[in-house]
2 protein chains.
Amino acid sequence: MTDLPRYLQLLWGREPEGRRGPKPGRTIEGIGAAAVEIADREGLEAVSMKSVARAVGFTTMSLYRYVDSKEELEAVMLDVAYGAPTFTYDTGSGWRDRISLWARGIAQRRLAHPWTVELIQSAPPLTPNVLAWTEHGLAALEDTPLTSEQRLSAMLAIDGWAQNHLRQSVQMGFTGPVDPESPQGNYLGLISQLIDPERFPQLTAAGSESLGDPDDNFYAEEFDRGMGLLLDGIAALIERHP
Amino acid sequence: MTDLPRYLQLLWGREPEGRRGPKPGRTIEGIGAAAVEIADREGLEAVSMKSVARAVGFTTMSLYRYVDSKEELEAVMLDVAYGAPTFTYDTGSGWRDRISLWARGIAQRRLAHPWTVELIQSAPPLTPNVLAWTEHGLAALEDTPLTSEQRLSAMLAIDGWAQNHLRQSVQMGFTGPVDPESPQGNYLGLISQLIDPERFPQLTAAGSESLGDPDDNFYAEEFDRGMGLLLDGIAALIERHP
DNA sequence: GCGCTACTGCGTACGGTGCAAGCAGTTACT
DNA sequence: AGTAACTGCTTGCACCGTACGCAGTAGCGC
């Protein structure tokens with residue numbers, strides 16, 4: 001049994017009691033919240049050990065009393081960004097409504113903190129809020145006849161898709177008003193400048209047709225479309241289930 | 001009409017002819033390949049302007065004659081990692097076989113260079129090989145009655161899911177032999193140490209049942225399962241198409 | 001031929017990063 | 001009372017991406 005890394009001990013409140021020395025002056029949640037605030041305001045690249053420390057009134061190295069590395073700080077940030085799931089499922093609602101609600105909830109949290117898509121997590125999440133969301137997602141599929149392995153697969157697929165959709169949308173600059181002067185804004189201009197219509201017929205067609213006017217609703221519409229695809233797939237899986 | 005960033009000019013062979021001065025001693029493709037080799041061998045964090053420059057026999061700053069920033073270098077790396085799609089679709093094969101083949105092809109390339117999931121692309125891809133794969137994916141759906149907008153959506157959903165599955169698998173350490181000593185290896189140990197079975201009943205159940213023995217085939221099996229979900233969804237979309 | 005000019009790769013320098021190590025001061029155990 | 005474990009702080013290091021100016025080179029217009 002390996003003992004827990006520091007930040008997990010703190011997040012889960014697993015500190016041994018009766019510890020000597022001064023009480024810690026901050027909480028990791030507070031530190032994470034400060035980091036999140038910086039990321040929301042100035043972008044993820046503005047989050048450094050120094051800037052976060054300053055935001056909580058610390059010197060740089062003091063942060064290492066709460067977190068062993070910047071990567072761990074990022075895990076805390078993600079947990080703060082998720083927050084605890086606040087909604088509950090209507091009694092009587094079916095799995096499709098439930099998991100949709102859940103997916104929308106996750107998408108909403110992530111959309112409020114778009115920098116989450118820039119985080120690279122080299123380890124699976126073990127923080128309280130993220131695990132709470134996972135639990136909530138599994139619970140949405142509780143009434144289906146699927147095995148828990150299938151439920152986990154389905155949930156991971158949905159979560160993964162939602163996350164990826166946000167990622168792609170952020171890349172394309174579709175999450176806010178489209179600025180035609182920005183490099184993303186004239187993506188179409190650049191692409192048509194590059195590709196040979198004979199070598200890239202499908203792309204040429206798709207470009208002129210579909211991406212013609214990516215308006216503000218593009219993100220939401222695409223979200224519903226893709227989610228519908230996945231839910232139909234899950235429905236098919238359930239129907240053919242023994 | 002904005003003019004192209006340097007690395008795109010080089011990748012697409014759009015340099016003006018009759019240029020003065022010495023010929024460039026390297027190609028971006030070569031530089032990208034060197035960077036890919038470093039990433040394959042020592043991980044993405046070992047890729048620095050210095051290390052790449054040394055690998056091609058340059059000083060650090062010389063790289064900036066080919067690329068305006070490290071981010072552009074990463075775009076080149078991704079393009080090299082993808083390579084050009086080499087396969088063709090069987091005549092007579094249906095869309096389902098075709099897009100499956102395509103998805104497998106992409107997954108294979110990415111799996112050969114797992115660090116691709118760590119790349120954060122802040123702009124949509126405009127490099128030749130990546131666009132060639134996109135074209136190839138759209139062509140797989142050519143025979144379906146879907147609009148090109150729907151085809152694009154479907155393809156993005158599949159690609160996104162494949163990419164995300166790889167990302168999650170890499171995080172979990174499922175892409176290679178499982179080392180129980182590594183932090184990912186005893187993920188289950190850690191999780192069971194943290195969660196209260198009463199507050200996290202679904203997770204507890206899922207953990208003990210499904211993740212019991214994540215063997216080498218877990219990645220591939222999960223890939224097929226999720227892909228099946230998506231393809232079923234697309235099939236449903238096609239059936240109800242006017 | 002000539003210089004001019006745009007190009008090559010190189011050397012130096014700068015501000016910023018994450019983090020290792022040792023510090024004096026504080027608190028609660030033995 | 002003494003000691004051991006903790007707090008936050010200070011200093012210092014190796015490394016990062018990249019701005020800027022350099023001498024040398026190849027093709028242009030004359």
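The chains referred to below are lettered A, B, ... by the order of the sequence lines, with proteins before strands, and numbering in each begins at 1.
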Who passes salt bridge (Lys or Arg N to Asp or Glu O under 4.0 Å) against E222(A), sequence neighbours left out?
R225(A)
So is R26(B) actually on top of F58(B)'s ring, under 6.0 Å and inside 45° of the axis?
yes
Tell me, which of residues 27-35 of chain A have any heavy atom that sits under 4.0 Å from an atom in DNA chain D?
none
Using a cut-off of less than 4.0 Å, is there contact between a side-chain N or O of T59(B) and OP1 or OP2 of dG9(C)?
no
Nearest-Å distance, CZ (R26(B)) to P (dT8(C))?
13 Å
Sequence neighbours excluded, the answer for side chain to side chain donor-acceptor pair (under 3.5 Å) partners of S51(A) is S48(A)
Please name all residues satisfying side chain to side chain donor-acceptor pair (under 3.5 Å) with D40(B), sequence neighbours left out, ordered by chain then number.
H113(B), W115(B)
Pick base, sugar-phosphate or nothing for M61(A), based on heavy-atom distances below 4.0 Å to the nucleic acid.
base
Side chain to side chain donor-acceptor pair (under 3.5 Å) partners for E42(B), two or more places apart
none
Would you please name every residue forming a side chain to side chain donor-acceptor pair (under 3.5 Å) with N129(A), sequence neighbours left out?
D79(A)
Sorted by number, residues from residues 63-72 of chain B placing a heavy atom under 4.0 Å from DNA chain C are R65(B), Y66(B)
Working to the nearest 0.5 Å, report the span between CD of Q121(B) and CD of E74(B).
9.5 Å
Could you work out, with side-chain contact (heavy atoms from CB on, under 4.5 Å) as the rule, every residue matching M227(B), not counting sequence neighbours?
A103(B), I158(B), W161(B), F223(B), L231(B)
Hey, where on DNA chain D does chain A first and last touch, going 5' to 3'? Cut-off is any atom under 4.0 Å from a heavy atom.
dA4(D) to dT11(D)
Any chance you could measure T204(A), atom OG1, to L138(B), atom CG, to the nearest 0.5 Å?
10.0 Å
What class does the angle between the rings of H136(B) and F87(B) fall in, given that below 30° is parallel, 30 to 60° is tilted and above 60° is perpendicular?
perpendicular
Report yes or no: do S122(A) and E71(A) form a side-chain donor-acceptor pair below 3.5 Å?
yes
Could you encode protein contacts along nucleotides 25-30 of chain C as a string, one character per nucleotide from 5' to 3', using B for base contact, S for sugar-phosphate-only contact and - for no contact, with a heavy-atom cut-off of under 4.0 Å?
BBBBS-
Show me the pairs that pass salt bridge (Lys or Arg N to Asp or Glu O under 4.0 Å) and involve residues 102-114 of chain A, at least two apart or across chains.
R104(A)-D224(A)
My understanding is that only residues two or more places apart in sequence, or in another chain, count here; which of them pass salt bridge (Lys or Arg N to Asp or Glu O under 4.0 Å) with R19(B)?
E15(B)
